[in-house]
Amino acid sequence: MSDRKCDLVIIGGGPAGLAAASAAREAGVKDICILERDKKLGGILNQCIHNGFGLHTFKEELTGPEYAARFIKKVKEQDIPYMLDTMVVDLSADPASGEKLVMAMNKEEGIFTLRAGAVILAMGCRERSRGALNIPGYRPAGIYSAGTAQHYVNIEGRMPGKEVVILGSGDIGLIMARRMTLEGAKVKVVAELMPYSGGLKRNIVQCLNDFDIPLKLSHTVVDIKGKERVEGVTIAEVGPDRKPIPGTEEFYSCDTLLLSCGLLPENELSRQLGVDLSPVTGGPVVDESLETNIPGVFACGNVLHVHDLVDYVSGEAAVAGENAATYLKERAGKAEAAKKEADIRIVTKNGVRYSVPSTIHMEQMADKLTVRFRVGDVYKDKVLCVYLGEDQVSRTAKRVMAPGEMEQVILLKSKLLEIAGGSIDEKHNTLTITIEEK
Amino acid sequence: MSEVKELTCICCPIGCSITVEMDGKEVKSVSGNNCPRGDAYARKELTAPSRIVTSTVKVTGGDRPVVSVKTASDVPKEKIMDVIREISKVELQAPVHIGDVVVSHVAGTDADIVATAENEKV
């Protein structure tokens with residue numbers, strides 16, 4: 001079996017993969033292939049039938065499938081090849097040529113390998129499962145992740161249950177609280193372990209408040225009743241140590257428990273290839289070009305870090321696509337394909353949990369670089385500060401910052417060089433993002 | 001008598017915290033919004049709240065048993081369940097295309113129900 005060659009292989013045909021492909025084609029990459037494991041392009045957007053997508057990108061409010069359709073149309077107009085029902089099973093690099101070996105399979109061709117000049121990782125993320133949450137009790141039917149329930153209702157047209165309790169206030173959980181209510185189910189309560197919601201504020205308003213669904217913060221599920229099918233769950237208040245407080249237990253009868261307790265980037269393939277992963281995000285560690293430690297391998301979208309807004313995913317993915325094009329033009333196949341060591345390392349502290357990217361090569365840095373991050377707690381009336389070495393780059397007053405909402409700072413290349421006095425020296429090789437008092 | 005109300009804008013996922021100064025039933029000032037949509041939302045939310053409704057409609061002969069739909073414009077908040085009841089009765093024949101009008105003037109409102117996804121005939 002001979003390996004097929006392909007300049008750029010994109011793993012995943014969701015919002016990230018589509019936008020990356022489109023941008024790479026615009027930047028001159030002729031030979032592209034998108035590999036998608038589902039029956040249709042569009043990824044998770046196909047089941048996100050609610051509105052609120054695209055305000056940044058298209059200046060109008062679209063539903064998930066409509067937003068996806070815009071990008072699918074573009075990819076088709078650009079004549080970019082894609083393979084559906086195709087699962088990538090292994091990813092490795094050929095040490096001699098630097099090519100990436102993408103092993104995939106589908107019903108028509110069986111197992112095959114694509115020899116890629118560059119790869120964009122766009123596999124998205126997965127929901128945290130019951131197993132990862134350690135909820136005690138039997139394993140009856142009726143326990144679903146919120147996204148699985150969303151697939152049942154919106155794609156398959158089936159209802160998972162009639163009386164629902166939701167654990168976790170992530171956006172999918174909030175959206176499903178409304179969706180199940182509209183379809184005739186009774187959503188009794190949403191319990192959230194943390195003292196704040198993990199979802200967007202707008203979703204609390206329009207998905208819970210609009211339908212009088214109570215949100216219980218600092219509460220968790222301590223027991224699930226039922227052997228064959230869920231019969232009810234017990235919810236208890238938790239203290240500051242997040243441990244249940246005895247005596248606060250309350251029983252809710254229900255036939256369905258939905259879990260919306262966070263998303264985890266899906267990086268099994270990245271790990272096989274030896275991509276360095278961040279212990280904070282679970283996604284690859286990347287530089288200003290969204291390139292991983294493996295030259296020619298880029299990452300974007302929820303596989304990199306979990307986003308709230310698909311508009312930001314599309315923007316980020318376009319950057320990855322353009323940089324993959326530059327790599328193919330300038331570095332692929334050359335002995336010095338690896339970049340020099342980064343000029344600037346980005347450090348986050350005082351509640352800033354991580355940043356994407358985490359390093360900057362000045363030579364490859366665009367005039368404007370968007371650095372995105374999340375904070376670890378709710379911060380009110382604080383100042384978001386950026387320093388290059390000891391010197392201040394920016395100070396931004398913030399009314400509220402919360403873990404559920406991604407934050408960003410935009411770095412200007414000219415400003416960094418001006419602060420450092422023309423070139424980055426040892427005194428200016430660390431960029432710190434931090435939260436300070438007013 | 002002026003009264004101050006705090007709202008969370010639902011126009012987009014940013015969710016601006018909006019402060020509205022009311023004088024009786026009249027809006028005196030709106031602040032905290034990052035765009036004009038927030039101003040319009042706040043004024044409307046306190047006088048005549050409305051929502052875009054999204055759901056699914058049954059499809060026969062298509063590649064999936066349902067297709068997603070939305071109200072092409074917002075409908076009064078108190079009409080949400082009426083809208084849902086009406087579209088739950090609808091059954092379409094594949095193919096269905098994005099933008100196809102599924103129900104016009106749903107539940108006596110000015111809004112049409114339109115398809116938001118493709119459902120191919122199989």
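Quick note: numbers below take in every heavy atom, side chains included, and nothing from hydrogens, waters or symmetry partners. Residue numbers begin at 1 in each chain, while the letters A, B, ... track the order of the sequences.
- For the set Ile98(B), Val53(B), Leu7(B), Ile52(B), the count of heavy-atom pairs under 4.5 angstrom toward chain A peaks at Ile52(B).
- Annotation: side chain of Glu118(B) is not in contact with side chain of Pro65(A) (no heavy-atom distance under 4.5 Å).
- Within the model, atoms SG of Cys35(B) and CG of Leu55(A) stand 8.0 Å from one another, a figure rounded to the nearest 0.5 Å.
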Can you list the steps and then say if Ile49(A) with Thr56(B) is a side-chain contact (heavy atoms from CB on, under 4.5 Å)? CA-CA 8 Å; Ile49(A) 65 163; Thr56(B) 52; 3.9 Å; yes

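- Around the CZ atom of Phe211(A), the shell of radius 6.0 Å holds more than 12 heavy atoms that belong to other residues, nucleotides or ligands.
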Criterion side-chain contact (heavy atoms from CB on, under 4.5 Å) on Arg64(B) and Lys40(A), from CA distance to verdict: CA-CA 11 Å; Arg64(B) 280 174 178 167; Lys40(A) 291 187 177 187; 3.8 Å; yes

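- Arg158(A) does not touch chain B: none of its heavy atoms, backbone or side chain, sits under 4.5 Å away.
- Neither the backbone nor the side chain of Gln47(A) comes within less than 4.5 Å of any heavy atom in chain B.
- The 12-atom threshold is not exceeded at CZ of Arg37(A), counting heavy atoms of other residues, nucleotides or ligands nearer than 6.0 Å.
- Heavy-atom distances place the side chain of Arg37(B), and not its backbone, under 4.5 Å from chain A.
- The environment of Lys73(A) atom NZ is sparse: at most 12 non-hydrogen atoms of other residues, nucleotides or ligands sit within 6.0 angstrom.
- Applying the 6.0 Å contact sphere to CG of Asp110(B) captures no more than 12 heavy atoms from other residues, nucleotides or ligands.
- Rounding to the nearest 0.5 angstrom, the gap separating the OG1 atom in Thr116(B) from the OH atom in Tyr67(A) is 15.5 Å.
- Residues Lys70(B) and His50(A) fail the side-chain proximity criterion, which asks for heavy atoms closer than 4.5 Å.
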Can you list the steps and then say if Arg202(A) with Cys9(B) is a side-chain contact (heavy atoms from CB on, under 4.5 Å)? CA-CA 6 Å; Arg202(A) 76 186 300 242; Cys9(B) 182; over 6 Å; no

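- Thr54(B) and Arg178(A) share no side-chain donor-acceptor pair at under 3.5 Å.
- Contact detail for Lys201(A) and Ser17(B): the closest heavy-atom pair is NZ-OG, 3.9 Å.
- The greatest number of non-hydrogen atom pairs below 4.5 Å with chain B, out of Ile155(A), Asn203(A), Ile204(A), is found for Ile155(A).
- When the shell of 6.0 Å around CD of Glu21(B) is examined, it contains more than 12 heavy atoms from other residues, nucleotides or ligands.
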Evaluate Leu182(A) against Ile80(B) for side-chain contact (heavy atoms from CB on, under 4.5 Å), listing each step before the verdict. CA-CA 9 Å; Leu182(A) 290 180; Ile80(B) 293 175; 3.7 Å; yes

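- When every heavy atom of Gly157(A) is checked against every heavy atom of Pro65(B), the shortest pair comes out as N-CG, 4.5 Å.
- Chain B forms the most heavy-atom pairs under 4.5 Å with one residue out of Lys39(A), Glu61(A), Met406(A), and that residue is Glu61(A).
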